[in-house]
Amino acid sequence: MNTFADYILEEEELDSKMEITYYLSKKAKIFFDKSVVFKAELARLFLNYSKIEVDKNFLLTACLLCNCKKVDNAQDLNKIHSYAKEGANYLREIGFGKRFCKVCEEINRYSNSNPRERESDIIELIDQFGGMLLDRPERIGFKPDEALVLLEHRNLKNEYNRYLHTFIDFVNFLEKIHINDTVNMTALRRLVKIYNETEELTKFIQKVIYEFEPKIDKLIAEQNKEISEEMLSKVKGSNRPLFSEETTRKILAHIQEEKQM
């Protein structure tokens with residue numbers, strides 16, 4: 001008999017995964033709000049950009065469920081330190097495998113789980129950076145460049161995350177892409193604006209999947225095409241020397257030395 005884990009992992013479309021998680025949250029009272037959807041979209045974009053060899057379906061499912069036992073109370077330090085472990089235990093109960101649960105537990109480092117999984121490092125970056133972009137009761141959301149500085153020099157100052165610099169490159173890439181609607185703004189700020197202006201969770205999911213994603217995917221494809229064309233334009237004609245003059249001199253000198261030996 002299939003478990004809930006089998007059911008959601010067999011569904012490869014992100015919008016359908018979100019719908020399944022939404023109904024699970026209603027039934028099981030797990031944590032699932034707009035911030036989870038926001039971070040899942042960031043993860044989707046990062047995986048498309050980086051081409052890191054991980055199971056995209058596995059990772060996006062983990063993004064939707066790793067905060068399942070989170071509480072929306074920044075003052076409850078005990079819960080902040082324990083929710084990831086509690087969430088991993090709950091996910092194990094509903095049919096997820098040991099490695100999936102370990103990845104979800106490693107969204108933060110409070111359980112001291114080591115060695116860390118590759119997917120865990122990605123989820124950690126998405127969770128921390130994405131969270132800093134959003135408003136909280138005690139502060140307004142940071143700008144992307146500010147969040148990157150805090151991520152690298154405060155949150156992960158004494159920690160090793162194998163994808164940190166790839167993630168920084170991704171954010172800088174995304175900040176160069178502008179979406180023109182009523183106002184011209186970067187893609188990340190547009191996503192934050194949609195988040196702030198859409199109160200209802202299901203409407204936010206619809207706007208992300210059916211409005212934001214098609215636009216950003218098209219713009220990213222155009223940006224990549226421009227970069228490729230720019231790189232090609234810097235290459236001179238096919239008759240140019242294969243090596244630079246300096247490289248040629250070094251090779252010829254080396255050949256001359258071999259002849260004299």
Side-chain angles (χ1 to χ4, degrees), residues 1-28 30-70 84 87-88 90-107 116-127 129-130 163 166-167 170 173-174 177 187-188 191 194-195 198 200-221 224:
M1 182 178 178
N2 285 354
T3 63
F4 172 81
D6 297 322
Y7 178 49
I8 194 170
L9 285 170
E10 286 172 1
E11 177 53 67
E12 296 189 358
E13 296 298 325
L14 182 57
D15 57 333
S16 297
K17 285 183 184 293
M18 290 178 179
E19 183 179 5
I20 293 167
T21 309
Y22 172 76
Y23 285 111
L24 176 69
S25 70
K26 293 297 183 182
K27 179 180 179 181
I30 64 169
F31 183 84
F32 182 67
D33 69 356
K34 290 192 301 176
S35 69
V36 178
V37 175
F38 180 91
K39 292 171 185 178
E41 175 61 14
L42 274 184
R44 185 191 74 86
L45 291 171
F46 178 60
L47 291 178
N48 288 349
Y49 166 84
S50 64
K51 309 300 182 186
I52 294 171
E53 292 186 2
V54 296
D55 185 331
K56 183 177 179 179
N57 181 42
F58 177 100
L59 191 139
L60 291 178
T61 306
C63 279
L64 293 173
L65 293 168
C66 59
N67 280 307
C68 62
K69 290 298 179 179
K70 183 178 179 180
Y90 169 74
L91 294 171
R92 192 172 293 111
E93 290 174 5
I94 60 174
F96 287 96
K98 182 178 179 180
R99 186 169 178 275
F100 184 93
C101 297
K102 184 174 184 290
V103 167
C104 292
E105 180 182 333
E106 292 172 351
I107 187 175
R116 289 175 58 82
E117 302 292 329
R118 292 182 302 156
E119 294 88 348
S120 304
D121 278 3
I122 296 173
I123 290 177
E124 176 181 59
L125 293 167
I126 295 295
D127 187 66
F129 178 78
Y163 300 121
T166 305
F167 188 79
F170 157 71
F173 171 80
L174 213 54
I177 297 176
L188 275 176
L191 185 58
I194 296 170
Y195 176 94
T198 312
E200 190 177 331
L201 172 58
T202 54
K203 287 185 178 179
F204 180 62
I205 292 174
Q206 290 173 348
K207 286 188 176 183
V208 169
I209 297 296
Y210 301 114
E211 295 180 21
F212 179 78
E213 280 191 9
K215 288 180 181 178
I216 186 59
D217 288 352
K218 181 180 178 181
L219 289 169
I220 287 175
N224 285 331

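These values consider heavy atoms only, across backbone and side chains, with no hydrogens, waters or symmetry-generated copies. None of the values given here were measured: they were computed from a predicted structure.
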Q. Counting N and O atoms only, with roles assigned by atom type, does the side chain of E11 sit under 3.5 Å from a partner on the main chain of E13, one being a donor and the other an acceptor?
A. yes
Q: State, yes or no, whether a side-chain contact exists between I122 and F167 at a heavy-atom distance under 4.5 Å.
A: no
**Q.** Student check: side-chain heavy atoms of E213 and R44 closer than 4.5 Å
**A.** yes
Q | N-O pairing of D33 and K70 below 4.0 Å | A | no
Q | Spacing of I107 atom CD1 and C63 atom SG [to the nearest 0.5 Å] | A | 7.5 Å
Q) Is the shortest heavy-atom distance from the side chain of E10 to the side chain of N2 under 4.5 Å? A) yes
Q.
Side chains of F96 and C101, heavy atoms from C-beta outward: is any pair under 4.5 Å?
A. yes
**Q.** Residues E106, K102: salt bridge by 4.0 Å N-O rule
**A.** yes
**Q.** E53, CD: over 12 other non-hydrogen atoms inside 6.0 angstrom
**A.** no
Q: Taking the side chain as every heavy atom from C-beta outward, state whether V208 and I205 have any pair of such atoms under 4.5 Å apart.
A: no
Q: Look up atom CG in L65 and atom OG1 in T21, then write down how far apart they are to the nearest 0.5 Å.
A: 5.0 Å
Q: Looking only at non-hydrogen atoms, find the nearest pair between E105 and A88 and report the distance.
A: CB-CB, 3.8 Å
**Q.** Donor-acceptor pair between K39 and N67 side chains, under 3.5 angstrom
**A.** no
Q | Side-chain H-bond candidate by donor/acceptor type, K34 with T198, under 3.5 Å | A | no
Q. Should E124 and R116 count as an ion pair when the cut-off is N to O under 4.0 Å?
A. yes
Q: With side chain to side chain contact (heavy atoms under 4.5 Å, CB included) as the test, would you mind laying out the steps for L64 and T61 before giving the verdict?
A: CA-CA 5 Å; L64 293 173; T61 306; 5.8 Å; no
Q) Say you draw a straight line from CG of L45 to CZ of F212; how long is it, rounded to the nearest 0.5 Å? A) 6.0 Å
**Q.** Qualifying residue for ring-ring contact (aromatic ring centres under 6.0 Å, His included) with F170, from F129, Y49, Y163
**A.** Y49
Q: Working to the nearest 0.5 Å, report the span between CD1 of I216 and CG of N48.
A: 10.5 Å
**Q.** Interatomic distance, T166 atom OG1 to L125 atom CG [nearest 0.5 angstrom]
**A.** 9.0 Å
(Q) Could you walk me through whether L201 and V37 satisfy the side chain to side chain contact (heavy atoms under 4.5 Å, CB included) test, starting with their C-alpha distance in whole Å, then the side-chain angles of each, then the deciding distance to 0.1 Å, before giving a yes or no? (A) CA-CA 9 Å; L201 172 58; V37 175; 3.9 Å; yes
Q) Side chain of K69, backbone of I30: donor and acceptor closer than 3.5 Å? A) no
Q: Going by the ring-ring contact (aromatic ring centres under 6.0 Å, His included) test, name the single residue among F32, Y195, F38 that passes it with F204.
A: Y195
**Q.** Atom of T3, atom of D6 and distance for their closest heavy-atom approach
**A.** N-OD2, 2.9 Å
Q.
Would you compute the distance between atom CG of L174 and atom CG of L188 and round it to the nearest 0.5 angstrom?
A. 4.5 Å
Q.
Taking the side chain as everything from C-beta on, heavy atoms only, tell me whether E19 gets closer than 4.5 Å to T202.
A. no
Q: Return the minimal non-hydrogen interatomic distance between L91 and C104, and the atom names on each side.
A: CD1-SG, 3.7 Å
Q.
Any salt bridge linking E119 with R99? Criterion: basic side-chain nitrogen under 4.0 Å from a carboxylate oxygen.
A. yes
